[in-house]
Trainee: 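To start, I am sharing the structure in question, which I have written as structure tokens.
Heavy-atom basis, side chains included; hydrogens, waters and symmetry copies ignored. This one's a predicted model, so the numbers in the text were calculated from it and none came from an experiment.
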Amino acid sequence: EIIQAARTSVGKSCVKAPLKAITKDIEEKDREAREKEQAWKDAMNTKGVNKERPVRPDDLCIQVVDSDMTNAAFTQRLADAEKAGNKGLYSYVDEIEMLNKVAGGGKEMTSRLICRNFDTDHYGQERVGAQSVTARTLMRWNIAANTTPNSLVKFLGKHTTDGTLARINLCTIIPPEDSDEMPIFGIYDDRFQAKLNPYLKLLDEAKGTIDCKKAREMAANLCERARERAALMDYEGYKILSYRAAVIAFRKACILYVMNGMKWSEEIETFCTWSFDYDLWCKMR
């Protein structure tokens, strides 16, 4: 769960292009699945109430989803993704408030979903109707959202201290002081896609349990680093936020380890350590 919090008009939407490149192959598969699902819906609508209706295809898997969906749709998408090989869902929203429509809920529901998702908790719904969605599955939902600092504070509200903030990876954009220069976006063309694809392939092929001891050692060192800083600042809040910040850094390290062909490198540790400090800096701000 990554949230970019920065003031308005500094170029937050620049993340759309690299995200689109990352999910390009997934969205292509999604198009085929959506067409198949729509064909099933059309067939359902043409059958009378008393006639035998076609069974929903069991090989559907749609991963890139909008934030405005009912709880039944969210549960169905999660269950389909798990059945397809423990895959995850992806959502990107320009404004964080749009997340309040996930699973047909509001701010309270979104907070609980963020917490349960971070913990890869079970989620689902129980219904007795034959046509209703009944499923219980593991949450694997990747979220990227933009917001301004004020909107983020309003969005979190009382959930700043209940573990919701700690489970979010924060980043920002700091514009140069005394500068009104227009933000310059990167170029994410076919050349970029060609360079990215081999790494995505390695992620897609990764199966089973992958134990990266160096990533675990790094996470332990980060926890000690935060403990020492919290003692110097005499601030318990920093230490509490650091626990899950270390988990976030550990997960990034594992992903980069897989993308690097199951090889650890100094660059991975340097980046993830910087990322840990950056995440906590944003949260303290």
Side-chain angles (χ1 to χ4, degrees), residues 1-5 15 19 22 78 81-82 86-92 96 99 102 110-123 137-145 147 152 155-156 159-172 203 206-231 233 235-260 262-285:
E1 298 134 349
I2 300 175
I3 294 178
Q4 182 177 219
V15 299
L19 284 174
I22 291 168
L78 285 171
E82 180 169 27
N86 299 330
K87 297 181 182 296
L89 305 185
Y90 296 83
S91 294
Y92 169 77
I96 196 171
L99 285 176
V102 174
T110 305
S111 173
R112 293 303 94 208
L113 286 176
I114 287 173
C115 291
R116 294 178 71 177
N117 182 53
F118 185 90
D119 301 337
T120 323
D121 201 357
H122 279 92
Y123 183 81
T137 183
L138 287 175
M139 287 193 73
R140 295 184 181 92
W141 180 35
N142 301 273
I143 310 163
T147 189
L152 179 62
F155 174 79
L156 286 168
H159 300 294
T160 306
T161 56
D162 69 352
T164 305
L165 173 63
R167 288 173 168 87
I168 295 170
N169 182 198
L170 282 187
C171 58
T172 189
L203 281 176
K207 297 290 185 289
T209 302
I210 297 166
D211 184 10
C212 182
K213 293 180 181 178
K214 286 290 187 181
R216 286 195 276 116
E217 289 173 11
M218 181 200 73
N221 291 336
L222 291 178
C223 287
E224 181 60 22
R225 177 192 187 97
R227 188 194 64 77
E228 291 174 359
R229 285 180 177 173
M233 291 186 287
Y235 187 55
E236 185 74 8
Y238 186 90
K239 186 168 73 171
I240 292 170
L241 286 172
S242 75
Y243 299 148
R244 291 192 178 99
V247 174
I248 292 168
F250 167 78
R251 291 176 176 177
K252 289 182 182 180
C254 289
I255 290 171
L256 292 171
Y257 173 71
V258 172
M259 292 171 72
N260 198 39
M262 306 295 183
K263 295 174 186 172
W264 186 257
S265 70
E266 185 180 336
E267 288 84 357
I268 292 175
E269 183 156 1
T270 300
F271 171 77
C272 292
T273 300
W274 168 83
S275 179
F276 170 81
D277 291 339
Y278 179 37
D279 180 32
L280 280 170
W281 182 85
C282 290
K283 283 170 179 168
M284 298 305 292
R285 287 284 291 174

Trainee: From L19 CG over to I22 CD1, what is the distance, rounded to the nearest 0.5 angstrom?
Mentor: 5.5 Å

Trainee: Do L222 and F250 have side-chain heavy atoms sitting under 4.5 Å apart?
Mentor: no

Trainee: Other residues, nucleotides and ligands only: do more than 12 of their heavy atoms fall within 6.0 Å of NZ on K213?
Mentor: no

Trainee: For I248 and A166, work out which heavy atoms get closest and say how close.
Mentor: CD1-O, 4.0 Å

Trainee: Could you walk me through whether N142 and I2 pass the side chain to side chain contact (heavy atoms under 4.5 Å, CB included) check?
Mentor: CA-CA 8 Å; N142 301 273; I2 300 175; over 6 Å; no

Trainee: To check you understand the geometry: which heavy-atom pair defines the closest contact between R244 and G163, and what is its length?
Mentor: NH1-CA, 4.0 Å

Trainee: Is there a side-chain contact between V15 and Y92, using heavy atoms and a 4.5 Å cut-off?
Mentor: yes

Trainee: Does the side chain of W264 come within less than 4.5 Å of E269's, by heavy atoms?
Mentor: yes

Trainee: Do Y235 and M284 have side-chain heavy atoms sitting under 4.5 Å apart?
Mentor: yes

Trainee: Under a 4.5 Å cut-off applied to non-hydrogen side-chain atoms, are I210 and C254 in contact?
Mentor: no

Trainee: Are the side chain of T172 and the backbone of A5 linked by a donor-acceptor contact shorter than 3.5 Å?
Mentor: yes

Trainee: Would you say the side-chain atoms of K283 pair up with the backbone N or O of I168, donor to acceptor, closer than 3.5 Å?
Mentor: yes

Trainee: Closest approach of R140 and T120, non-hydrogen atoms and distance?
Mentor: CG-CG2, 4.5 Å

Trainee: Which one of T160, D162, T161 satisfies the side chain to side chain donor-acceptor pair (under 3.5 Å) criterion with T164?
Mentor: D162

Trainee: Could you walk me through whether E267 and L256 pass the side chain to side chain contact (heavy atoms under 4.5 Å, CB included) test, one step at a time?
Mentor: CA-CA 10 Å; E267 288 84 357; L256 292 171; over 6 Å; no

Trainee: Taking atom NZ of K239 and atom CG of L280, what is their separation to the nearest 0.5 Å?
Mentor: 13.5 Å

Trainee: Run the side chain to side chain contact (heavy atoms under 4.5 Å, CB included) test on H122 and L138 for me, step by step, so that the C-alpha distance in whole Å, both residues' side-chain angles and the decisive distance to 0.1 Å come before the verdict.
Mentor: CA-CA 4 Å; H122 279 92; L138 287 175; 3.6 Å; yes

Trainee: Would you give the length of the straight line joining atom SG of C212 to atom CD1 of I268, rounded to the nearest 0.5 angstrom?
Mentor: 7.0 Å

Trainee: Over all heavy atoms of both residues, which pair between C171 and C282 is shortest? Give the atoms and the distance, please.
Mentor: CA-SG, 3.9 Å

Trainee: Looking only at heavy atoms, what is the nearest atom pair of A249 and F276, with distance?
Mentor: CB-CB, 4.1 Å

Trainee: Does any part of the side chain of K214, heavy atoms only, come nearer than 4.5 Å to the side chain of Y257, both counted from C-beta?
Mentor: no

Trainee: For E1, is there any backbone N or O sitting under 3.5 Å from a side-chain donor or acceptor partner on N169?
Mentor: no

Trainee: Are any of the side-chain heavy atoms of Y123 and L78 separated by less than 4.5 Å?
Mentor: yes

Trainee: What I'd like to find out is whether the side chain of T273 reaches to under 4.5 Å of the side chain of R225, using heavy atoms alone.
Mentor: yes

Trainee: I would like to know whether V102 and I143 meet side chain to side chain contact (heavy atoms under 4.5 Å, CB included); could you show each step before the answer?
Mentor: CA-CA 11 Å; V102 174; I143 310 163; over 6 Å; no

Trainee: Can you tell me how far apart CG (L99) and CG (L113) are? Round to the nearest 0.5 Å.
Mentor: 9.5 Å

Trainee: Rounded to the nearest 0.5 Å, what's the gap from CD on Q4 to CD1 on I96? Could you check?
Mentor: 11.5 Å

Trainee: For residues F118 and R167, report the shortest heavy-atom separation together with the two atoms involved.
Mentor: CD1-O, 3.3 Å

Trainee: Is it true that D279 and K252 have a side-chain N and a carboxylate O under 4.0 angstrom from each other?
Mentor: no

Trainee: Tell me whether S275 contacts the main-chain N or O of C272 through its side chain, where contact means a donor paired with an acceptor under 3.5 Å.
Mentor: no

Trainee: Please confirm whether the ring centroid of F271 lies under 6.0 Å from the ring centroid of W274.
Mentor: yes

